[in-house]
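Contents: one structure, followed by commentary.
Since we're looking at a predicted model, the values are computed, not measured. Values below: all heavy atoms of this structure, side chains included; hydrogens, waters and symmetry mates excluded.
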Protein chains: 2
Amino acid sequence: MTAVTIECCPPLTRGPLSEQDAVVLASLLKAVADPVRLRLLSMIGSHEGGEACVCDLTDAFDLTAPTISHHLKVLRTAGLIDGERRGTWVYYRVIPETVARLGAIFTPLADSAGKA
Amino acid sequence: MTAVTIECCPPLTRGPLSEQDAVVLASLLKAVADPVRLRLLSMIGSHEGGEACVCDLTDAFDLTAPTISHHLKVLRTAGLIDGERRGTWVYYRVIPETVARLGAIFTPLADSAGKA
DNA sequence: ACCTTGTTTAGAAGACTGTCTAATCAGTAT
DNA sequence: ATACTGATTAGACAGTCTTCTAAACAAGGT
């Protein structure tokens with residue numbers, strides 16, 4: 001259930017981003033650049049106990065179960081969430097390190113551009 | 001040259017994100033979820049004087065001028081950059097408020113998931 | 001006035017994405 | 001074993017995105 005996660009932490013501080021780093025960061029951002037996946041991420045992250053059952057998530061959308069499963073896989077492959085089966089149900093939780101990296105991408109650039 | 005910018009600041013703190021907020025945030029994230037646009041943003045933001053000429057940006061890629069212009073328009077429409085013509089050349093600069101909002105989306109979620 | 005350079009717009013081709021239905025796998029209970 | 005519910009995988013289709021070429025617009029120089 002654990003998926004391939006993206007390595008390393010390319011910075012978007014003030015130097016121009018390398019092409020390789022840009023590709024890595026873009027793939028991470030693509031994973032969250034979707035309304036359904038954003039809501040899934042916020043639902044999982046804000047859920048009681050820090051984890052949410054797929055059944056709860058599926059019920060919250062006007063989408064079929066396979067579609068939700070697809071979006072969860074995208075988030076999983078990006079290393080943003082991790083899933084675990086316990087009995088009948090599968091529970092997902094947020095991987096804070098990866099989410100934090102998303103937040104860290106833009107803050108330095110906003111600061112340097114703000115005081116320029 | 002100034003483009004339509006996205007209003008308001010929907011939070012991704014700890015409550016589940018509303019569908020409308022998710023759509024707004026996703027469109028902002030889509031604007032940066034591309035390697036070329038990430039590099040453009042970092043190049044403009046890290047450029048001397050806080051602004052960069054389109055000619056400089058175009059030369060840095062193996063892409064045609066219309067393609068770069070297209071990506072700049074996407075960033076402009078998202079409210080992430082703003083362009084100004086001065087004589088022959090057009091100069092772009094980063095709009096720090098919008099970039100900062102990108103950074104603020106994920107940091108609270110990472111914190112709350114981290115200490116859960 | 002014309003030509004040259006820089007930038008954007010218009011339109012088209014190919015690849016990718018989000019969604020669905022159908023089928024399969026995982027676990028529980030009868 | 002069989003059936004039932006939860007979840008994922010496979011494959012297809014419509015829509016979107018990235019890139020290109022061709023054309024137009026903007027400003028300056030000869």
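For the pair A:Arg86 and A:Thr64, both in contact range of DNA chain C, the more 5′-proximal nearest nucleotide belongs to A:Thr64. Each of A:Pro66 and B:Ala65 lies near DNA chain C, and the nucleotide nearest B:Ala65 is the one positioned closer to the 5' end. Position along DNA chain D of the nearest nucleotide to A:Cys53 versus A:Lys30 favours A:Cys53 as the more 5'-ward residue.
In this structure, A:Thr107 contributes its side chain and A:Ala104 its backbone to no donor-acceptor pair below 3.5 Å.
Comparing C:dT8, C:dC20, D:dA7 against the side chain of B:Leu72 picks out C:dT8 as the nearest. For B:Val54, counting side-chain heavy atoms from C-beta on, the closest listed nucleotide (C:dT17, C:dT8, D:dT8) is C:dT8. When distances run from any side-chain atom of A:Arg76 to the nucleotides D:dT9, C:dG6, C:dA26, the shortest one goes to D:dT9.
For A:Tyr92 and D:dT8, the shortest distance from a side-chain N or O to OP1 or OP2 is below 4.0 Å. Remark: A:Thr88 is not in phosphate contact with D:dT5, judged by side-chain N or O atoms under 4.0 Å from OP1 or OP2. In this model, the phosphate group of C:dT17 is not approached by any side-chain N or O of A:His71 to a distance below 4.0 Å at OP1 or OP2. Within the 4.0 Å cut-off from OP1 or OP2 of C:dT8, at least one side-chain nitrogen or oxygen of B:Ser69 is found. Taking only side-chain nitrogens and oxygens, B:Thr67 never comes nearer than 4.0 Å to OP1 or OP2 of D:dT18. Taking side-chain N and O atoms only, B:Lys73 has no distance below 4.0 Å to OP1 or OP2 of C:dT8.
Nucleic acid contact class of B:Leu63 (heavy atoms, under 4.0 Å, all strands): sugar-phosphate only. B:Arg37 comes within 4.0 angstrom of sugar-phosphate atoms only, judged by non-hydrogen atoms across all strands, and of no base. Contact annotation for A:His70: base contact, defined as any heavy-atom pair under 4.0 Å involving a base atom.
Note: CG (B:Asp34) to C1' (C:dA15) measures 14 Å, nearest angstrom. If you measure from atom CG of B:Leu75 to atom C1' of D:dT18, you get 14 Å, rounded to the nearest angstrom. Here the C1' atom of nucleotide D:dG6 and the CD atom of A:Glu84 are 16 Å apart, to the nearest Å. Whole-Å rounding puts the B:Phe61 CZ to C:dT7 C1' distance at 16 Å. In this entry the distance linking CZ of B:Arg85 with P of C:dT8 reads 7 Å, nearest Å. Rounded to whole angstrom, the span from the CH2 atom of A:Trp89 across to the P atom of D:dA7 amounts to 8 Å.
For the pair B:Arg86 and B:Tyr91, the cation sits on the ring face: its NZ or CZ lies under 6.0 Å from the ring centre, inside 45° of the axis. Within the cation-pi definition used here (under 6.0 Å to the ring centroid, within 45° of the axis), B:Arg76 does not qualify as a partner of B:Tyr92.
The one candidate from A:Leu40, A:Leu28, A:Ile95, A:Val94 that meets the side chain to side chain contact (heavy atoms under 4.5 Å, CB included) condition with A:Leu80 is A:Leu28.
When the side chains of ILVMFWY residues are joined at heavy-atom separations under 4.5 Å, either directly or via intervening members, A:Val23 and B:Leu63 end up in two distinct hydrophobic clusters. Neither A:Val74 nor A:Val90 shares a network with the other; the hydrophobic side chains, linked directly or stepwise wherever heavy atoms of I, L, V, M, F, W or Y lie under 4.5 Å apart, form separate groups for each.
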